Amino acid sequence: MAKINKEEILNNYRKIKDRVHSIEIFGAVDRPGIRFVLFLQGCYLRYLYCHNPDSWNPHGGIEISVKNILKNILAYKKFYKNGGVTISGGEPLLQHEFLYSLLQALEILGFHTAIDTNGFIDLKHSKKCIDKANMLLLDVKEVDEDDCISLTEYSNQNALKVLEYTESINKCVWIRYVCVTGYTLSIDKIHKLGELLNKYSCIQKCS
């Protein structure tokens, strides 16, 4: 196998830039394993209990190149041997062209990649990134469509289409569902969610 020329790869991506909210170099909750976690800027959902609403503004954060992100990752590569890189947000698929370039470079460099997404970006934009990533961490905001609109201002239909697509290509998916009393936490909702998710063999874990 030919030796990877890291400097050449880095230089190939030096001009590709977009906006980043923050970086975590030792992520232990964006599984599997220890992860480099990149939070991209921008999200259209107005989730009532979003943990980082400062990431909503697509013009916020700082501009950074794929090259500089890769240099950060490579500096801590030994920590990610049994983990990898997770791209979160905001909503990372909102920056799908930038995200695809980053995933492409990480694949060449041999990193396991995960996208943490709410799935609301249409598949015509997000499909190639989903194909390129090793796995998806899919945030199901609400199992009921009307309640999802009340909670986020958007329908859950695109997220369900993403789930259907990942099933069709056998992409590894971990489901995330936040249980909040008075909103998403009820016996009926949990049963309905279980009935929905039980249809999909691509789902390996729920948390």
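Small disclaimer: the values here were computed from a predicted structure and weren't measured.
You'll find the side chain of Asn158 stays beyond 4.5 Å of the side chain of Ser126, heavy atoms only. Contact check for Ser201 versus Glu167: side-chain heavy atoms found under the 4.5 Å cut-off. Taking 4.5 Å as the limit, some side-chain heavy atom of Met135 sits within range of a side-chain heavy atom of His112.
Exactly one residue among Ile175, Thr166, Asn198, Leu138 makes a side chain to side chain contact (heavy atoms under 4.5 Å, CB included) with Ile203. That residue is Ile175. Of the candidates Ile121, Leu93, Leu102, Cys129 forms a side chain to side chain contact (heavy atoms under 4.5 Å, CB included) with just one, namely Leu93.
Within a 6.0 Å radius of CZ in Phe26, other residues, nucleotides and ligands contribute 12 heavy atoms or fewer. For Lys17, the NZ atom sits in a loose shell: 12 or fewer heavy atoms of surrounding residues, nucleotides or ligands are nearer than 6.0 Å. By the 6.0 Å contact criterion, CD1 on Ile169 is enclosed, its count of non-hydrogen atoms from other residues, nucleotides or ligands being greater than 12. Environment of NZ in Lys67: crowded, with over 12 heavy atoms of neighbouring residues, nucleotides or ligands closer than 6.0 Å. Atom OH of Tyr183 is surrounded by 12 or fewer heavy atoms from other residues, nucleotides or ligands within 6.0 Å. Within a 6.0 Å radius of OH in Tyr44, no more than 12 heavy atoms belonging to other residues, nucleotides or ligands are found.
Across all non-hydrogen atoms, the minimal contact from Gly27 to Glu24 is CA-OE2, 3.4 Å. A pairwise comparison of heavy atoms in Ser155 and Cys148 identifies C-SG, 4.0 Å as the closest pair. Considering every non-hydrogen atom in both His21 and Asp54, the closest pair reads NE2-OD2, 2.8 Å. The two residues His51 and Pro53 have their closest heavy-atom pair at C-CD, 3.6 Å. Here the closest non-hydrogen pair linking Ile9 and Ala105 is CG2-CB, 4.5 Å. Counting all heavy atoms, side chain and backbone alike, Arg176 lies closest to Asp116 at NH1-OD2, 2.6 Å.
Judged purely by atom type and a 3.5 angstrom limit, Tyr165 has no side-chain atom pairing as donor or acceptor with the backbone of Lys171. Put simply, the side chain of Arg46 never gets that close to the backbone of Thr152: no donor and acceptor are under 3.5 Å apart. Side-chain atoms of Asn134 come within 3.5 Å of backbone N or O of Thr113 as a donor-acceptor pair. Checked by atom type and distance alone, the side chain of Asn52 never pairs as donor or acceptor with a backbone atom of Ser55 at under 3.5 Å. Using modelled atom types, no side-chain atom of Asp139 and backbone atom of Lys141 make a donor-acceptor pair closer than 3.5 Å. Lys132 contributes no side-chain N or O that, together with a main-chain N or O of Leu99, makes up a donor-acceptor pair within less than 3.5 Å.
A donor and an acceptor atom, one from each side chain of Glu142 and Asn156, are nowhere located under 3.5 Å apart.
The OH atom of Tyr13 lies 8.0 Å from the CG atom of Leu70; values are rounded to the nearest 0.5 Å. The OH atom of Tyr154 sits 7.0 Å away from the CG atom of Leu45 when rounded to the nearest 0.5 Å. Note that CG of Leu106 and CD1 of Ile73 are 4.5 Å apart. Values are rounded to the nearest 0.5 Å. Interatomic distance, Asp18 CG to His96 NE2, rounded to the nearest 0.5 Å: 10.0 Å. Ile115 contributes atom CD1, which lies 5.5 Å from atom CG of Leu136 (distance to the nearest 0.5 angstrom). Going from atom OG of Ser88 over to atom CG of Leu137 covers 8.0 Å, rounded to the nearest 0.5 Å.
Side-chain rings of Phe98 and Tyr100 stay apart, their centers remaining 6.0 Å or farther from each other. For Phe111 and Phe36, the gap between ring centers reaches or exceeds 6.0 Å.
Criterion: ILVMFWY side-chain heavy atoms under 4.5 Å apart, direct or through other members. Under it, Val180 and Tyr47 are part of a common hydrophobic cluster. In the hydrophobic clustering of this structure, Leu193 does not group with Val178; members are Ile, Leu, Val, Met, Phe, Trp, Tyr whose side-chain heavy atoms approach within less than 4.5 Å, directly or through other members. A single hydrophobic cluster is seen to contain both Leu10 and Val20, as judged by linkage of ILVMFWY side chains at heavy-atom distances under 4.5 Å, directly or through other members. Under a hydrophobic-cluster definition in which Ile, Leu, Val, Met, Phe, Trp and Tyr are linked whenever side-chain heavy atoms come within less than 4.5 Å, directly or via other members, Leu196 and Phe120 are assigned to the same cluster. Linking ILVMFWY residues whenever their side-chain heavy atoms come closer than 4.5 Å, directly or via other members, leaves Ile149 and Leu160 in distinct clusters.
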> Checking side-chain contact (heavy atoms from CB on, under 4.5 Å) for the pair Leu163/Cys202: CA distance, chi angles, key distance, verdict?
Replying inline: CA-CA 9 Å; Leu163 190 52; Cys202 64; 4.2 Å; yes

> For Thr184 and Tyr49, what are the C-alpha separation, side-chain angles and deciding distance, and is it a side-chain contact (heavy atoms from CB on, under 4.5 Å)?
Replying inline: CA-CA 11 Å; Thr184 59; Tyr49 37 87; 3.2 Å; yes

>> Run the side-chain contact (heavy atoms from CB on, under 4.5 Å) test on Gln95 and Gln41 for me, step by step, so that the C-alpha distance in whole Å, both residues' side-chain angles and the decisive distance to 0.1 Å come before the verdict.
In response: CA-CA 8 Å; Gln95 298 187 30; Gln41 190 72 26; 4.3 Å; yes

>> Let's go through Leu123 and Val162 carefully: what are the C-alpha distance in whole Å and the side-chain angles of both, what is the deciding distance for side-chain contact (heavy atoms from CB on, under 4.5 Å) to 0.1 Å, and is it a yes or a no?
In response: CA-CA 7 Å; Leu123 277 168; Val162 166; 4.2 Å; yes

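A salt bridge is defined here as a Lys NZ or Arg NE, NH1 or NH2 lying under 4.0 Å from an Asp or Glu carboxylate O, and Glu97 with Lys128 meets this definition.
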